[in-house]
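One structure below.
All residue numbers refer to positions in the sequence shown, counting from 1.
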Amino acid sequence: MSQPAVLNPAKFPQSQWLADGAVLLVAIFWGSSFLVSKQALVVYPLFLFLFVRFSISCLLLIPLSWRQLRQASRETWRIGAIFGSFLFGIFVLETLGVMYTSATNAGFIISLCVVLVPLIEGIIQKRFPSKLLLGAVLLSVLGTGLLTLKQGYHFNTGDVLILGAAVTRACFMIMTQRLTRGRQVDSGALTVVQLGSVAVLAGAVSFFSYPMENLLPQTGTLWVALLYLALFCTIYAFYVQLSFIRRTSPTRAGVLLGTEPLFAALFGVALGGEVLSVAGWIGGFCMVAGTFIGRYAEERRSRNRATEARDKR
């Protein structure tokens, strides 16, 4: 996997705790992003929000990945544009959902994509899921019900949109594996093309939807929120995935990143003034537990398949 130019991870200590701390910070930043986005969207339109956020991310990443972009194949640009279109749809659903539900709910529900990936993949491949994975799915469904079904048996509109984003993200993860498997695709260039595609699509919608004089944020607070999302939730996460995650084990990285919904809840309750009932907290923890169990079930299946492949040889 290629790394961005300029940033040299060899300058950092190689210790395990630093790698784990860097990955944990990604989960913290991602967890906080739901509340930051929710508050920004109160005063700034959805598509302009996405346009400015991803334009900043893309423009800051271009100098760091310029060499990879110049050397990128046509296939890299084509796949990046396809991925970017999917990402645009995911972020529209996710960001629109945050407008109509709590940051806490959004953080918990979006984590369902981890359980949905092996489930959807099993359906595509006509492979019956393992009992452990089915248990993880049932636990996640129970948690979703406890978290979202309030005042009668109906979902909040925002919860449904976030659930749609989770399903779309799961399909996107499966498509990413299939389209990049066996292909020479530079990850740095691919990321920039994806982010640029999101910015272009959001910009096109914004250009035809909003007055020209209102395209850029009008307050310093809004600029700070957008810069925070671009720098810490996008660029920092991008760098950690290229540089630090491979210094820790996949299991440790998965567990650390799996804490994202817990941080989303902590930020929502502590800083956003959100209130979560006892049933909601139980539901949230059920969903996180289901995510971890689902990840473990998938890792165990992968290990078993690798063992079977070695035995056949």
Side-chain angles (χ1 to χ4, degrees), residues 1 23 26-27 30-31 34 79 82-94 97 105-144 147-148 159-183 185 187 190-191 194 237-238 240-241 245-246 248-262 264 283-306:
M1 188 180 294
V23 175
V26 173
W30 283 352
F34 296 100
I79 293 175
I82 294 172
F83 287 176
S85 301
F86 260 84
L87 274 181
F88 175 69
I90 291 168
F91 276 103
V92 168
L93 286 171
E94 188 176 307
N105 277 26
F108 280 126
I109 296 171
I110 200 66
S111 68
L112 288 174
C113 68
V114 176
V115 177
L116 291 170
V117 168
L119 187 64
I120 294 172
E121 199 169 26
I123 293 172
I124 293 172
Q125 298 176 356
K126 298 180 181 179
R127 185 186 67 243
F128 193 77
S130 66
K131 293 179 181 179
L132 195 59
L133 179 58
L134 283 176
V137 172
L138 291 174
L139 190 60
S140 298
V141 170
L142 173 64
T144 303
L147 182 71
T148 60
D159 294 336
V160 175
L161 289 168
I162 297 292
L163 184 59
V167 173
T168 308
R169 182 178 287 190
C171 295
F172 172 68
M173 292 169 71
I174 294 170
M175 183 185 70
T176 299
Q177 294 175 348
R178 289 172 176 264
L179 284 182
T180 57
R181 187 180 298 145
R183 288 183 168 91
V185 178
S187 58
L190 188 65
T191 299
Q194 288 180 74
F238 165 76
V240 167
Q241 289 178 69
I245 279 186
R246 56 186 150 180
T248 187
S249 70
T251 301
R252 290 167 71 95
V255 169
L256 291 168
L257 291 175
T259 60
E260 176 193 348
L262 297 178
F285 279 107
C286 283
M287 295 168 75
V288 173
T291 297
F292 287 141
I293 294 171
R295 183 179 282 115
Y296 171 74
E298 185 62 13
E299 288 178 355
R300 192 173 73 169
R301 184 183 69 85
S302 298
R303 286 196 301 269
N304 291 340
R305 290 177 64 184

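- A 6.0 Å sphere centred on CZ of Phe86 holds no more than 12 heavy atoms belonging to other residues, nucleotides or ligands.
- The CZ atom of Phe83 sits 4.5 Å away from atom CG of Leu179, with the distance rounded to the nearest 0.5 Å.
- Ile123 meets the side-chain contact (heavy atoms from CB on, under 4.5 Å) test with no other residue; sequence neighbours excluded.
- The minimum heavy-atom distance between Pro261 and Gly107, with the atom names listed, is CB-O, 3.2 Å.
- Taken from CZ in Phe292 to OG1 in Thr259, the straight-line distance is 6.5 Å, to the nearest 0.5 Å.
- What you find for Gly290 and Ala136 is that their closest heavy atoms are O-CB, 3.3 Å.
- Rounded to the nearest 0.5 Å, atoms CD1 (Ile124) and CG (Leu119) are 10.0 Å apart.
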Anything under 3.5 Å between a donor and an acceptor, one on a side chain of residues 161-170, the other on a protein residue two or more places apart or in another chain? List them.
from: Thr168; atom 1: OG1; to: Gly164; atom 2: O; distance (Å): 2.7
from: Arg169; atom 1: NH2; to: Glu94; atom 2: OE1; distance (Å): 2.7

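- Between Val117 and Met173 the shortest heavy-atom distance is CG2-SD, 3.8 Å.
- The distance from the CG atom of Leu112 to the CG atom of Leu116 is 6.0 Å, given to the nearest 0.5 Å.
- Thr291 OG1 to Phe108 CZ: the interatomic distance, rounded to the nearest 0.5 Å, is 10.0 Å.
- For the atom pair Ile82 CD1 and Gln194 CD, the distance stands at 11.0 Å (nearest 0.5 Å).
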Chi angles and distances behind the side chain to side chain contact (heavy atoms under 4.5 Å, CB included) call for Val115, Met287: CA-CA 9 Å; Val115 177; Met287 295 168 75; over 6 Å; no
